[in-house]
Amino acid sequence: MPDTAITDLDALESRISADIAAAADLAALDAIRVSALGKKGEVSLKMRELGKMSPEERQTMGPALNGLRDRLNTALEARKASLEDDALNLALARETVDVTRPAAHRRPGKLHPVSQVMEELAVIFADMGFKVAEGPDVEDDFHNFTALNFPPDHPARDTHDTFFMEAADGDTPKVLRTHTSPVQIRTMMSEQPPIRIIAPGRVYRCDWDQTHTPMFHQVEGLVIDKETHMGHLKGCLEQFVAAFFETSDVEARFRPHHFPFTEPSAEMDVRYERVGDAVKVGSGDKWMEILGCGMVHPNVIEACGLDPEEYQGFAFGMGVDRLAMLKYGMSDLRPFFEPDTRWSAHYGFSPLLQANLATGLS
Ligand code: DAH
């Protein structure tokens, strides 16, 4: 009888082992464990019968059943580990992100009007031989004021509503740049004339209302050469305004003004008229100031290590946000900096259409 019992055990073992190997998932595997080794499992029931056996029978069947139980346990563990590995690999494969895959819902974002205008500026001035220069947002007093011929303690420093930053021990105090003009200084100190740059970027002033935000955007322009004069400045800026507002009949005027870093200095006005809510730039009976400009002050050229007897040039600066408001008809500056997608869907630009002079800027 023990022989047939052992043969039965062998058959049982091969059946259960085959089931284990074929278990498709962890739930199926656990069901096999319960039906073999659970309280009422086939192997457990057989072990319970040991008590009723004769001592001789028990001597063969005991170790045989124990061995069977141990081998099944080992097989169950191994299959469990392999199923868990498979599950993990499957999850990893399913969760990989294919960054090259096109978006399921084609809702491309919009280019912010400030980015659009900055691109338009770069295109217009590149056509006139200017390159784009950059400088840091966190500036020092020298580049933001002193080298630009702001006298120490002069009230002009206050009119800029400067954000002063605390200096670390032994460090020179820093400011958030109040204008893009410090890029003039950085360029003149690092490059030899002839220089033709524009410098678009963020600037900061402590101010907040419908037309002022503590961070806004300017673009600076600088030309330094040996024979540059006011006529070049006027021609360059008139060409810019016509290109930017996409009209041929822009009438502009230059009004004397004061900036510490230019002499003479001027503000440029353009004619405009209101058509309904919109502002039409170029013609009309009103004048609107759009930028500051002038011939670079000899003190500024000298502060940058160039000889003002040899070199001269002109500079200009204007608000990019304001240009965007004028051209695209927004009346409030604050939403420019609020994350409202309805605003950007309305005022934004297609990111796929590159501004260019041949087929139109916008
Ligand atoms: N930096 C001036 C400002 O923020 C703007 C400006 C005026 C820049 C005249 C210039 C300039 O380069 O020539 O108000």
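The first residue in the sequence is number 1, and the count goes up from there.
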Apply side-chain contact (heavy atoms from CB on, under 4.5 Å) to the pair Asp269 and Met288, showing each step before the final yes or no.
-> CA-CA 5 Å; Asp269 300 337; Met288 175 159 44; over 6 Å; no
Residues Phe316, Phe125; criterion ring pair (Phe, Tyr, Trp, His ring centres under 6.0 Å); working and verdict = CA-CA 13 Å; Phe316 55 88; Phe125 282 103; 5.4 Å; yes
Among Phe349, Phe245, Phe244, the one residue meeting ring-ring contact (aromatic ring centres under 6.0 Å, His included) with Tyr328 = Phe349
N-O pairing of Glu309 and Lys226 below 4.0 Å | no
Salt bridge check: are Glu139 and Lys174 linked by an N-O gap of less than 4.0 Å?
-> no
Report the relative orientation of the aromatic rings in Tyr347 and Trp343; use parallel for angles under 30°, tilted for 30 to 60°, perpendicular for over 60°.
-> tilted
Determine, for Asp137 against Arg202, whether the closest basic-nitrogen to carboxylate-oxygen distance falls under 4.0 angstrom.
-> yes
Is it true that the side chains of Arg79 and Ser82 contain a donor and an acceptor less than 3.5 Å apart?
-> yes
Shortest non-hydrogen separation from Phe130 to Leu222 and the atoms involved = CE2-O, 4.1 Å
Would you check if there is a donor-acceptor pair between the side chains of Tyr311 and Asp225 at a distance under 3.5 Å?
-> no
Using 30° and 60° as the class limits, which term best fits the ring planes of Phe259 and Phe261: parallel, tilted or perpendicular?
-> parallel
Counting only heavy atoms not in Gln59, do more than 12 fall under 6.0 Å of its CD?
-> no
Is a salt bridge present between Arg334 and Asp332, judged by a nitrogen-to-oxygen distance below 4.0 Å?
-> yes
Can you name the nearest heavy-atom pair linking Asn149 to Pro260, along with the distance?
-> ND2-O, 2.9 Å
